[in-house]
Amino acid sequence: MSEYQILHNPRCSKSRQTLALLNDNGIEPKVIEYLKQTPSATELGAICGKLGVEPEAIVRKKEDLFKTLQLAEQSLSAEQWLEVMAQHPKLIERPIVIRGEHARIGRPPESVLELM
């Protein structure tokens, strides 16, 4: 089993680039297609801890769904953001690469090299 995991969306160019970058560096991460295997609110909270950010920081605010749900007009707690992302995984920033107790968002893809 790989010590690396990637929350991946194969339709996202940054996600594909990040996965290719990992592969080019000899890393075969466990690929989690988060739109099919959605992390729970608890798992998302742990990922935020590894990223060192509050949950709202990994919300895709330019996503149409964000506007549809009128999230900009709401003041949500960290726990509420985690629940919203667990219910609507399309709102989760991508890709996220996890290695042990650390994680990085692959924007730009090269940022994940810090985990090596």
Side-chain angles (χ1 to χ4, degrees):
M1 183 156 126
S2 176
E3 65 178 311
Y4 289 85
Q5 297 177 31
I6 181 171
L7 293 185
H8 179 61
N9 179 348
R11 295 184 64 193
C12 170
S13 63
K14 293 293 184 204
S15 196
R16 291 192 308 270
Q17 290 170 9
T18 300
L19 181 56
L21 180 63
L22 292 170
N23 292 160
D24 290 348
N25 280 278
I27 296 166
E28 295 291 330
K30 177 182 178 185
V31 176
I32 301 166
E33 288 190 35
Y34 67 93
L35 294 176
K36 295 179 183 176
Q37 300 172 270
T38 305
S40 68
T42 301
E43 291 168 323
L44 288 168
I47 291 168
C48 288
K50 293 175 184 194
L51 286 166
V53 299
E54 290 296 317
E56 187 177 357
I58 66 166
V59 174
R60 293 176 53 85
K61 294 182 178 176
K62 293 183 181 176
E63 191 67 46
D64 287 340
L65 182 59
F66 184 85
K67 295 175 187 113
T68 301
L69 295 173
Q70 299 178 329
L71 294 171
E73 291 82 37
Q74 299 179 44
S75 178
L76 302 179
S77 69
E79 292 76 21
Q80 289 170 318
W81 279 118
L82 294 170
E83 287 295 334
V84 167
M85 287 187 285
Q87 291 172 14
H88 305 282
K90 200 172 188 182
L91 293 174
I92 302 170
E93 184 60 85
R94 63 188 181 251
I96 298 175
V97 176
I98 304 160
R99 180 182 185 204
E101 294 304 310
H102 303 283
R104 294 289 180 272
I105 295 174
R107 290 184 176 273
E110 294 77 19
S111 67
V112 304
L113 296 175
E114 297 171 12
L115 295 172
M116 295 179 194

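Just so you know, these numbers come straight off a predicted model, no measurement behind them. In what follows, every heavy atom counts, from backbone to side chain, and hydrogens, waters and symmetry copies are set aside.
Taking all atoms of both residues into account, the shortest heavy-atom contact from Glu54 to Ala78 is OE1-CB, 3.9 Å. Closest heavy-atom contact between Pro55 and Trp81: CB-CB, 3.8 Å. Minimum interatomic distance between Gly106 and Thr18 (heavy atoms only, all atoms of both residues): O-OG1, 3.5 Å.
No side-chain heavy atom of Ile6 sits less than 4.5 Å from a side-chain heavy atom of Ile96. Using a 4.5 Å heavy-atom threshold, the side chains of Gln17 and Ser13 count as touching. Side-chain contact check for Tyr4 versus Met116: some heavy-atom pair is nearer than 4.5 Å. Considering only heavy atoms from C-beta on, Cys48 comes within 4.5 Å of Ile58 through its side chain. Using a 4.5 Å heavy-atom cutoff, the side chains of Arg60 and Lys90 are not in contact. Residues Leu91 and Leu69 meet the side-chain proximity criterion, which asks for heavy atoms closer than 4.5 Å. Pro29 places none of its side-chain heavy atoms less than 4.5 Å from the side chain of Gln5.
For the pair Glu3 and Lys30, the salt-bridge criterion is not met [side-chain N within less than 4.0 Å of a carboxylate O].
Going from atom CG of Asn9 over to atom CZ of Arg16 covers 8.5 Å, rounded to the nearest 0.5 Å. The distance from atom CD of Glu56 to atom CG of Leu71, rounded to the nearest 0.5 Å, is 9.5 Å. Interatomic distance, OG of Ser111 versus CG of Leu21, reported as 9.0 Å (0.5 Å rounding). Atom CZ in Arg11 sits 11.5 Å away from atom CD in Glu33 (nearest 0.5 Å).
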Going through the distances and angles, do Ile47 and Ile92 end up as a side-chain contact (heavy atoms from CB on, under 4.5 Å)?
CA-CA 11 Å; Ile47 291 168; Ile92 302 170; over 6 Å; no
Please evaluate residues Lys50 and His102 with respect to the criterion side-chain contact (heavy atoms from CB on, under 4.5 Å), reporting the C-alpha separation (whole Å), side-chain torsions for both, the decisive distance (0.1 Å), and the verdict.
CA-CA 5 Å; Lys50 293 175 184 194; His102 303 283; 5.6 Å; no
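Connection of Leu35 to Leu19 is not established within any shared hydrophobic cluster, with ILVMFWY side chains joined at heavy-atom distances below 4.5 Å, either directly or through further cluster members. Val84 and Leu44 fall within a single hydrophobic cluster, where Ile, Leu, Val, Met, Phe, Trp and Tyr side chains are chained together by heavy-atom contacts under 4.5 Å. Hydrophobic clustering keeps Ile27 apart from Ile32 (ILVMFWY residues linked when any side-chain heavy atoms are closer than 4.5 Å, directly or through intermediates). Taken together through direct or relayed side-chain contacts under 4.5 Å among Ile, Leu, Val, Met, Phe, Trp and Tyr, Leu51 and Val112 form parts of separate hydrophobic clusters. Both Leu65 and Tyr34 sit in one connected hydrophobic cluster of ILVMFWY residues. Membership requires side-chain heavy atoms under 4.5 Å apart, directly or through other members.
Although no hydrogens or angles enter the test, the distance criterion places no donor-acceptor pair under 3.5 Å between the side chain of Arg107 and the main chain of Lys14. With Arg99 contributing its side chain and Leu115 its backbone, the two residues share a donor-acceptor pair below 3.5 Å. Between the side chain of Arg94 and the backbone N or O of His8, no donor-acceptor pair lies under 3.5 Å. Judged by distance alone, the side chain of Glu43 and the main-chain N or O of Ser40 form a donor-acceptor pair under 3.5 Å.
Atom CD of Gln74 is surrounded by more than 12 heavy atoms from other residues, nucleotides or ligands within 6.0 Å. Residue Glu110 qualifies as enclosed at atom CD: its count of foreign heavy atoms under 6.0 Å is above 12.
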